[in-house]
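For reference, the structure is listed below as structure tokens.
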2 protein chains.
Amino acid sequence: MTARASFRERYEAAAAANDSLLCVGLDPDPSRLPPGTDVDAWLRGVIEATSDLVCCYKPNAAFFEARGSGGMEALLQLIEGIPDEIPVLLDAKRGDVGHSAEFYARAVFEVLGADAVTVSPYLGGDTVEPFLAYEERHTFVLCRTSNVGAGELQDRALAGNGGARPLYLEVAARANEWNTRGNVGLVVGATYPEEARAIRELCPDLLFLMPGVGAQAGELEAAVRAALDARGGGIIVNASRSVLYPPGGGAEASRAEAQRLRDALREAVHCADRSAPHAD
Amino acid sequence: MTARASFRERYEAAAAANDSLLCVGLDPDPSRLPPGTDVDAWLRGVIEATSDLVCCYKPNAAFFEARGSGGMEALLQLIEGIPDEIPVLLDAKRGDVGHSAEFYARAVFEVLGADAVTVSPYLGGDTVEPFLAYEERHTFVLCRTSNVGAGELQDRALAGNGGARPLYLEVAARANEWNTRGNVGLVVGATYPEEARAIRELCPDLLFLMPGVGAQAGELEAAVRAALDARGGGIIVNASRSVLYPPGGGAEASRAEAQRLRDALREAVHCADRSAPHAD
């Protein structure tokens, strides 16, 4: 496993080659496609139409598991079919105790061949460790998510010596501690720029996976500005539905939406560079 | 789905018929079996040897996922082959945002046909809801787990109006709120009797899934006493490795260990009944 380029290297190479911080989430929902659509062929078409515009693809395991064992085979084939120059992050949100976690890590990294994965922090660092043992892969820990109920636990203030801080910042601090091999990232919803800024201050070196990008450029820009690292990178911004299911449908429309988002991200980074005090 | 008996009803019927609160966890690790073992045939043998001693079976998805798509097919077959009178709890520890959670729920309940599932609370109640929508199934929320690092987040005190309480009790309180259909349970490690007692005080009506039972009867008794509900039930005590991989191996040894644990649990409940002030 030592000869393999790390996820971080592969992400940075793809981001540079395609001048893109955009990740396309692969969440195939048959009910959103014309009846009779060959879902796997359609996904291949989306990938073909967008692979020069992205830094990552993020298939979500849920949509494949719901198809049964055939879905798992389709997921394996999908991952194998993604061009070598684009890394694959499997959105699986796993989280189990040690021995089971070892088997989940094996499933994600060895069987499915993903370059990165998402995991839950609730069970503690010993349950994340089996994923981190795959040094060249990357493990993104859920930190501050973008769903409606995200704050129900994540925003709760923890009693502390030096004043209270919310649970999601405690998770961010732990993730820094778990990052002894440089392969820990965080999931930080793109809809909460203030939270993203606080997490970035605490975690200057971690990669952020940022789902939840809506259609509005203003939101996107605020989130990007808040989350960029000191080198003007360190983020992977995910869009799923807007790219997969554009109005009218079709691979060309998916490409157009991916291009629009890629360019909007590029513009946001450019503006952040110009206004950032730390820019050279 | 309305005609189907609920998980809770099926669990109570099995617990009564077999006079057992024991659940056997099905975590097939080929490295712990003689080389060349047919893992699925061996699992069927364990089930055949123990199905009159348990109230539930709990396959863990990780061990099947690590076998690829063939493992998912094996899991489906395994669940189908479990005797009808014993309910099946799939230990999957899922947790994703709404739309993805719907697909995970579909995978677990509709495709695999499990009667119950484990989920993570970190993303909030809106992400648990798609599982709860399957009214007759049961959803066990991770609360206080039994692994070494469990306390890293779960034991952290939340700042509150009426004094601080640990995160795991906040999760327990939320689970009560989410329990509008009577189909929410909690995962409560059997190694922490004090925590189990605190959770039971807060959640008198919820089913507890209790993994982490070691070999010592004293531990088992303390955990059972702490966690029993007012009716002397409401717990599902899981043992995996001690039943699956008894010294010497073989289905008869698995049966002997299951019987030992079933009887130890029965004894612990009996003693708790005699000492409990609320017993009639």
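Bear in mind the structure is a predicted one, so any value in this text is a computation, not a measurement. Each chain gets a letter, A, B and so on, in the order its sequence line appears, and its residues count up from 1.
Chain A forms the most heavy-atom pairs under 4.5 Å with one residue out of B/Gly151, B/Gly70, B/Cys143, B/Pro166, and that residue is B/Cys143. Per-residue heavy-atom pair counts under 4.5 Å with chain A were compared for B/Val97, B/Asn60, B/Thr127, and the maximum is reached by B/Asn60. Heavy-atom pairs under 4.5 Å with chain A peak, among B/Ser146, B/Gly124, B/Ala157, at B/Ala157. With chain A as partner, the option from B/Ala92, B/Gly98, B/Ala107, B/Ala101 having the largest number of non-hydrogen pairs under 4.5 angstrom is B/Ala107. Considering only heavy-atom pairs separated by less than 4.5 Å from chain A, the leading option among B/Asp29, B/Thr145, B/Asp27, B/Leu76 is B/Asp29. If you tally non-hydrogen atom pairs under 4.5 Å between each of B/Ala74, B/Ala62, B/Gly149 and chain A, the highest count goes to B/Ala62.
Both the backbone and the side chain of B/Pro121 come within contact range of chain A, each with at least one heavy atom under 4.5 Å from a heavy atom of that chain. Looking at A/Ala105, neither its backbone nor its side chain comes within 4.5 Å of chain B, counting heavy atoms on both sides. For B/Ser100, the parts sitting under 4.5 Å from any heavy atom of chain A are the backbone and the side chain alike. For A/Phe64, no part lies near chain B; criterion is any non-hydrogen pair under 4.5 Å.
Of all heavy-atom pairs spanning B/Gly125 and A/Glu152, the tightest one is N-OE1, 2.8 Å. When all heavy atoms of B/Pro30 and A/Phe103 are compared, the closest pair comes out as CD-CE2, 4.4 Å. Closest heavy-atom contact between A/Leu142 and B/Tyr122: O-CE2, 3.5 Å.
Here salt bridge (Lys or Arg N to Asp or Glu O under 4.0 Å) pairs that include residues 94-103 of chain B, with residues two or more places apart or in two chains, are A/Glu65-B/Arg94, A/Lys93-B/Asp96, B/Glu65-B/Arg94.
More than 12 heavy-atom neighbours from other residues, nucleotides or ligands sit within 6.0 angstrom of CZ on A/Arg32.
With rounding to the nearest 0.5 Å, the separation of CZ in A/Arg67 from OG in B/Ser69 is 12.0 Å. Once rounded to the nearest 0.5 Å, the distance linking CD of B/Gln154 with CG of A/Leu123 reads 6.0 Å. B/Arg165 contributes atom CZ, which lies 7.0 Å from atom CZ of A/Arg156 (distance to the nearest 0.5 angstrom).
B/Asp126 places no side-chain N or O within 3.5 Å of a backbone atom of A/Asn147 that could act as its donor or acceptor partner.
For residues 170-179 of chain A, a heavy-atom distance under 4.5 Å to chain B picks out A/Glu170, A/Val171, A/Arg174, A/Trp178, given by residue number.
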